[in-house]
Protein chains: 2
Amino acid sequence: MTSYTAIHLIARPGAEPVGPQLFEVVKKELPKAGAGEFVIKQTHMSMDPAMLGWMSPDTESYIPPVELGSVMRSSGYGEVVESNHPDFAVGDRVMGMLGWQEYALSTGAGINKIDAAIPAEMALSVFGLPGLTASQGFYNIGQPKAGETIVVSGAAGSVGVMVGQMAKAEGLTVIGIAGGKEKCEWLVNEFGFDAAIDYKADDIDAKLAEVAPQGVDIFFENTGGAAQIPVFNRMNAHGRIVVCGLIADYTTATPAAGPSWLNVIKKRLTIQGFTMPDHLHNAAELAGKFAPHVQAGKIQYRAHVLEGLESAMTGLNLFLTGGNKGKLLVKL
Amino acid sequence: MTSYTAIHLIARPGAEPVGPQLFEVVKKELPKAGAGEFVIKQTHMSMDPAMLGWMSPDTESYIPPVELGSVMRSSGYGEVVESNHPDFAVGDRVMGMLGWQEYALSTGAGINKIDAAIPAEMALSVFGLPGLTASQGFYNIGQPKAGETIVVSGAAGSVGVMVGQMAKAEGLTVIGIAGGKEKCEWLVNEFGFDAAIDYKADDIDAKLAEVAPQGVDIFFENTGGAAQIPVFNRMNAHGRIVVCGLIADYTTATPAAGPSWLNVIKKRLTIQGFTMPDHLHNAAELAGKFAPHVQAGKIQYRAHVLEGLESAMTGLNLFLTGGNKGKLLVKL
C-alpha cells in the first residue's frame, strides 16, 4: 500500500449546513519517517463538539481555525508502525491530535503513549479529551466539596458523563440535564446521577426546584440554551459556574444573551471559561485526579462508534441534533 | 440636650421613586451608655450606591434589606462622647455602620478606630468602604499585573477613583468610563487616568478601540448599562471581570441581559462578583494593600458634601442621575 485517505475541510459552516459538502476526501502518498520522526496508523478518531468551533472562521477563537484545504483537526488513537524516534517504538499505542486521516507523520509533539491494555474506546472516552476536560473544569475551576450540589448540562455527552461520575465519586449530589427520556434514564441508571432533567420535555425550572431544593453550588455548562438561565437563577451564594461548552450557540450568527450580572454580585458567583489547549501540558496531573476513581470502577463510559473515516462528515451533525448516544468515535 | 434626630425607612423604592417620601424624620431620646457600651456622635455620613440595594425588598440580597420603620443603614464617621467600654475612650474617632442618625449606641461590634489626624472626609473617602471595596476587587479578584490595561466603569464614583488610582500606582494603563465631560476631565487631570470615555456623549466602542488598542485585561464593573457589552467584547484572553456594582439595574424591575458566555470560553475569562460584608473582617489587610500609595501621595479624593442629616433623603437620587461630583458625604 502506498496511499491513504484523508479528509480536508474546504468550506466553513454557516452559509453551508454542517455536512459532507464542507469536506473533500483526498488520497495521499503514505509518509516515510525521517530522522526523529515516526508514522502512526490511526485506528480510532475522537469526535468532539469543539470541532464545530475549529471549523468556524472566527479568528478570535482560542486556537486558529482549521485552514481551508487542510486536514480536518481531531484527536485520535493509533499505533506506531514505523519509527526513527528514540521514545516511540513500533507497536506503541498513542493518542494525540491526529486529524481526519488514516496515517499521520509525527515528531512526537503533542503525542502521548498509552498503555496497550486500555481499550482504544476507553482511552479516547475516559483518558482522552473528555476526561481531561472534565477534570480541569470540575476539579480546578469547580473546586468541589462533598455535600454540594452540581448541575451538569450536556450531561449525556462525553464530558458530561465524566463530570457527573467524578462528582458522584467526590460525594456531591449530581443532577444532569440532557435531551430525551432515554439519555436521562442512562444518566441515572448507568452513570449513577441522582436525578436527570429532560430539557426537551420537562419544565426545567419546576424540575430543578424539585431535585435541587437546596440550590446549586456548581453549574458545569456544556451546552447553553434553555437551561442556562433557570440553573443560573438557582445558584447558591459563592457558587461556581464552569463554562465549558455552548454548543447551542456555536453555529448561530447571534448567540443568545447571557444572564444579567445582578446575581453575580448578590450571590458572589464566579463564572469561568476554559479551553483545553491551555491545559494539555497538565494532562498527566489532570488524569491523576480521577484515575483512582477509574481503578475503583466508579467511572463508566458509553461509546457511540461510527464505522469508517468518511462517516465523520455526517457524524458531526449528531452534535447539533443531540443524536449521539455516548462518546462519539469513528473506527477506521 | 436630651433628644436627637434619626431617619427611618418607611417605604421601598420601586412603586415610589427614590426620595423623601420613603423616609420619616423622627426624634429620639439621647442614649446612655450601659456596661460595655459607648455613645458615638456622628459627624459625617457616607452615602453609597449600595444603599439603594439595602432599601429594596429583595430577600435574596447579600445582606437583609433595611426593615421598614427602622433607621436607614449607612456607614459613617464620628467621635466617642461617652464610654463604658475598655477599648473606646471619649474623644476617639471611629468609623462603622452608624446609620442615618446623629447619635449611635455601640458595643464596639463593627466599629473601627481611626487616627484623629486623618480628616473625616478622607477617612470615609479613602479608608472607608470605597477604598476597601476597591482593594478587594482590584487586588484580590483583579489580580493586576504591571503593563496591563484596566477599564473602570463608574470611574468618577467613590470606588472608581480609588480603583483607577490604585491601578496607576501599580503600573497599569487606566481607562475610566463616566458620565459627562466634567467628570471625564477630572479623571484625567486630577486622578491621573490615562483616558476617560464619556458614556453619554462618546461612541463607546469606537473610543475604546482608540484608547485601548491592546485590548482590556481587567474590567472593573461598577455600573452596568451601555458600556458593559462593548468593554466585554474587547477583553483579552485570560481577562478578569470584577463585578462590583450595577447601579443601572438596581431599581429596574427587569435587569438588562448580560453578554453571551461564548467569549467567556473563547477568551477564558473569569467573571467574579463580590460584596463587602464578606470581606470586612479583612479591612486591615485590604487597607494595607494601598496604604503605601496613600502615604506616597498617589491617592487623591474628591468629596461632594451635603449639609445636614435630612439632605441624605434627596441626596440618594444623585446616584441615579450621576449628579454627585465626588464621594458623596453628608456633614451633620
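In what follows, chains carry the letters A, B, and so on, assigned in the order in which the sequence lines appear, proteins first and then strands, with residues in each chain numbered from 1. Side chains are part of it too, since the values below use all heavy atoms of this structure and drop only hydrogens, waters and symmetry mates. Only a predicted model underlies this, so the values are computations on that prediction, with no experimental measurement involved.
- Heavy atoms closer than 4.5 Å to chain B are found in the backbone of L269(A), but not in its side chain.
- Two residues are said to be in side-chain contact when any heavy atoms from C-beta on lie closer than 4.5 Å; P255(A) and W261(B) fail this criterion.
- For the pair R268(B) and D278(A), the minimum side-chain heavy-atom distance is below 4.5 Å.
- Heavy-atom distances place both the backbone and the side chain of L246(B) under 4.5 Å from chain A.
- The two atoms that bring A257(A) and A257(B) nearest to each other are CB-CB, 3.7 Å, heavy atoms only.
- Considering all non-hydrogen atoms of both residues, V264(A) and Q272(B) come closest at CG1-C, 4.0 Å.
- Residue with the most contacts toward chain A among C244(B), G224(B), A237(B): C244(B) (heavy-atom pairs, distance under 4.5 Å).
- With a 4.5 Å cut-off on side-chain heavy atoms, I265(B) and F274(A) do not count as touching.
- Of the two parts of A256(B), only the backbone, made up of N, CA, C and O, holds a non-hydrogen atom closer than 4.5 Å to a non-hydrogen atom of chain A.
- With a 4.5 Å cut-off on non-hydrogen atoms, I241(B) touches chain A through its side chain but not through its backbone.
- The line from OG1 of T270(A) to CD1 of I141(B) is 7.5 Å long, rounded to the nearest 0.5 Å.
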